[in-house]
Amino acid sequence: MAVIGLGEMGAAVAAAFLDGGHATTVWNRTPDRGDALVARGAERSATVRDAVAAGDLVVVSVKGNAVARELLASAGAALAGRTVVNLTDGTSAEVRELAQWVTEQGAEYLHGQIMTIAPGVGHPEAVVFYGGAQAVYDRYQSALGLLGGRATLVAADPGVPVLYGMAVHGTMWGLLNGFLHAAAVLSSEGLPVRQFLERADASMSALMAFLPSIAECVDRGEHAVEYGALKHHLPSVEDLVRESRARGVDDDLPGSTLALVRRAVADGHADDNYSWLVEHFRGR
C-alpha cells in the first residue's frame, strides 16, 4: 500500500500500516519527512506515480482536496485499478467531486474521516467514518481497521463521513466553549473548576444522555413537549447573561443563546422543546 502525504496524520497512518505488517510505500513533497518511517521499513518513492504503482491501496492525506487531485493526477495511468482512500479534510461537495474524478480515472474511492489526533491513530477506541462502496470497504476492512478500532462504513456516499465529522466537531466546539465560559464564571468567584465537575458529575453526564431525545424530535419534526419547554429556559439564560456581565465575563456566547430563545418564544414556540431551534439553524 502507499501513503501520499506525511504530515502528522499521514505519518501516523503509515506507521499504523507498518505496525500491522503491511509493506508500505511513502511519498512526501519534502522527502526527509519520511526518514523515520523508512528506518522502520517503509519504502520511499521519488514520485507520486511510483508510489501509486507500488500498492493497490493508495491513502492520501494532504492539505486540501485540490492538492489531493493534483497529486493523484500526476500518477497518470498508474491510478487505474487502484483504490484511493482519501483522508484529506474539506467539504462534502469537494469530496464528492474528487470521488467522481477518481472513478473516472478507473480507480475506486473511499473517503475516511479520522476522529482523533495523530497519536490516537491505531487505538482500539479511535473512530473512523468511511464512505464508499460496501464491496470496496469490505475488501480492505482489515487494513483500514488498523487506523482505528471503531472504523465504520456509514454510507455509500463519500460526502456523508465528512458531514459526520463536522457534526462531531461542531458539537465539540459548542460544548467546549460553553464549558470554558462556565469556567470563567466559576473562577471569577475563586471556585475550582475541577471541584465543580466532581460535584456536578451527574448533571453533566445527563446532558449527553439527553441528546438522543433531542435527535428523535429533530428526525420526527415534532417539537411539542410537556416539560422543559423553551419558555422555561428563558429565565435561566437571562440570569447567566446578567451574571456574566456583572462579573466582567464575556457574554457573547450566552447572549447569542438568549437571542435565539427569545426569538423562538416571541414567534410562538414557548411550549416547544429546545430541539425547535434546529429550525433557526436551518434558516427557517
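Predicted model only: the values in this text are computed from it and were never measured.
Heavy-atom minimum distance, Pro235 versus His232: CD-O, 3.6 Å. The minimum heavy-atom distance linking Thr116 with Ala126 is given by the pair CG2-CB, 4.2 Å. For the residue pair Val185 and Ser244, the shortest heavy atom distance occurs at CG2-OG, 4.1 Å. Shown here for Thr25 and Ala54, the closest heavy-atom pair between the two residues is OG1-CB, 3.4 Å. A pairwise comparison of heavy atoms in Leu72 and Val102 identifies CD1-CG2, 4.2 Å as the closest pair. The two residues Met9 and Ile117 come nearest to each other via the heavy atoms CE-C, 4.2 Å.
Taking hydrophobic clusters as Ile, Leu, Val, Met, Phe, Trp and Tyr residues chained together by side-chain heavy-atom distances below 4.5 Å, Leu110 shares a cluster with Phe17. No continuous path of hydrophobic side-chain contacts links Leu240 to Leu186 [ILVMFWY only; heavy atoms under 4.5 Å]. By the criterion of side-chain heavy atoms lying less than 4.5 angstrom apart, applied directly or through intervening Ile, Leu, Val, Met, Phe, Trp or Tyr residues, Val160 is not grouped with Leu98; the two fall into different hydrophobic clusters. The cluster map of Ile, Leu, Val, Met, Phe, Trp and Tyr, joined by side-chain heavy atoms under 4.5 Å apart, puts Val154 and Val128 in different clusters. The same ILVMFWY cluster, assembled from side-chain heavy atoms under 4.5 Å apart, contains both Leu197 and Leu180.
Heavy-atom contacts from other residues, nucleotides or ligands closer than 6.0 Å to CZ of Arg220 number more than 12. Atom CD of Gln141 has more than 12 heavy atoms from other residues, nucleotides or ligands within 6.0 Å. Open room surrounds CD on Glu97; 12 or fewer heavy atoms of other groups in view lie less than 6.0 Å from it. More than 12 heavy atoms of other residues, nucleotides or ligands sit less than 6.0 Å from atom CD of Glu279.
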Would you give me the side-chain donor-acceptor pairs under 3.5 Å for residues 56-71, sequence neighbours excluded?
unit_1, atom_1, unit_2, atom_2, d
Asn65, OD1, Asn86, ND2, 2.8
Asn65, ND2, Asp89, O, 3.2

> His111 and Thr88: side chain to side chain donor-acceptor pair (under 3.5 Å), yes or no, with the steps?
Replying inline: CA-CA 8 Å; His111 186 80; Thr88 301; over 6 Å; no

> Does the pair Leu6 and Leu37 meet the rule for a side-chain contact (heavy atoms from CB on, under 4.5 Å), with working shown?
Replying inline: CA-CA 10 Å; Leu6 299 176; Leu37 293 165; 3.7 Å; yes

>> Before you tell me yes or no, could you show the steps for Thr83 and Glu108 under side chain to side chain donor-acceptor pair (under 3.5 Å), namely the whole-Å CA-CA distance, both residues' side-chain angles and the distance that decides it to 0.1 Å?
In response: CA-CA 5 Å; Thr83 296; Glu108 296 173 316; 3.0 Å; yes

> Can Tyr274 and Val261 be said to form a side-chain contact (heavy atoms from CB on, under 4.5 Å), step by step?
Replying inline: CA-CA 8 Å; Tyr274 200 88; Val261 176; 4.1 Å; yes

>> If you apply the rule salt bridge (charged side-chain N to carboxylate O under 4.0 Å, His left out), what do you find for Arg242 with Glu238, and how did you get there?
In response: CA-CA 6 Å; Arg242 292 191 299 113; Glu238 289 173 338; over 6 Å; no

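Taken from CG in Leu79 to CH2 in Trp101, the straight-line distance is 5.5 Å, to the nearest 0.5 Å. How far CG of Leu144 is from OG1 of Thr152: 11.5 Å, rounded to the nearest 0.5 Å. The CG atom of Leu175 sits 6.5 Å away from the CE atom of Met204 when rounded to the nearest 0.5 Å. To the nearest 0.5 Å, atoms OH (Tyr130) and CG (Leu153) are separated by 10.0 Å. The CG atom of Leu163 sits 9.0 Å away from atom CD of Gln113, with the distance rounded to the nearest 0.5 Å. Here the straight-line distance linking atom CG of Leu234 with atom OG of Ser236 works out to 9.0 Å at 0.5 Å rounding.
Side chain of Thr103 to main chain of Gln100: a donor-acceptor pair is present (N/O by atom type, distance under 3.5 Å, no hydrogens or angles). The backbone N or O of Asp250 lies less than 3.5 Å from a partner atom in the side chain of His181, making a donor-acceptor pair. Side-chain atoms of Ser187 never come within 3.5 Å of backbone atoms of Gly190 as a donor-acceptor pair (strictly under, hydrogens ignored). The backbone N or O of Ser74 sits nowhere less than 3.5 Å from a side-chain atom of Arg49 that would complete a donor-acceptor pair.
The ring pair (Phe, Tyr, Trp, His ring centres under 6.0 Å) analysis of residues 140-164, with sequence neighbours excluded, yields the pairs Phe129-Tyr164.
With salt bridges taken as basic N to acidic carboxylate O contacts below 4.0 Å, one links Arg150 and Glu125. Electrostatic pairing of Arg247 and Glu243 counts as a salt bridge here, judged by a charged N lying under 4.0 Å from a carboxylate O. Salt bridge status for Arg44 with Asp35: present, with a side-chain N to carboxylate O gap under 4.0 Å. Classification of Asp19 and Arg40 as a salt-bridged pair holds, one side-chain N sitting under 4.0 Å from a carboxylate O.
The closest side-chain donor-acceptor pair between Thr47 and Asp50 falls under 3.5 angstrom. Counting only N and O atoms by type, the side chains of Arg199 and Gln195 include a donor and acceptor under 3.5 Å apart. In this structure, a donor-acceptor pair under 3.5 Å is absent between the side chains of His233 and Thr257.
Inter-residue side-chain proximity for Val95 and Tyr109 is flagged as met; some heavy-atom pair is nearer than 4.5 Å. Glu216 is not listed as a side-chain neighbour of Glu222, based on a closest heavy-atom distance of 4.5 Å or more. Contact annotation: the side chain of Glu43 never approaches that of Val38 to less than 4.5 Å [non-hydrogen atoms, C-beta and beyond]. You'll find the side chain of Val265 stays beyond 4.5 Å of the side chain of His269, heavy atoms only. Side-chain contact between His22 and Leu18: absent, with no pair of heavy atoms (C-beta onward) separated by less than 4.5 Å. Using a 4.5 Å heavy-atom threshold, the side chains of Val225 and Asp271 count as separate.
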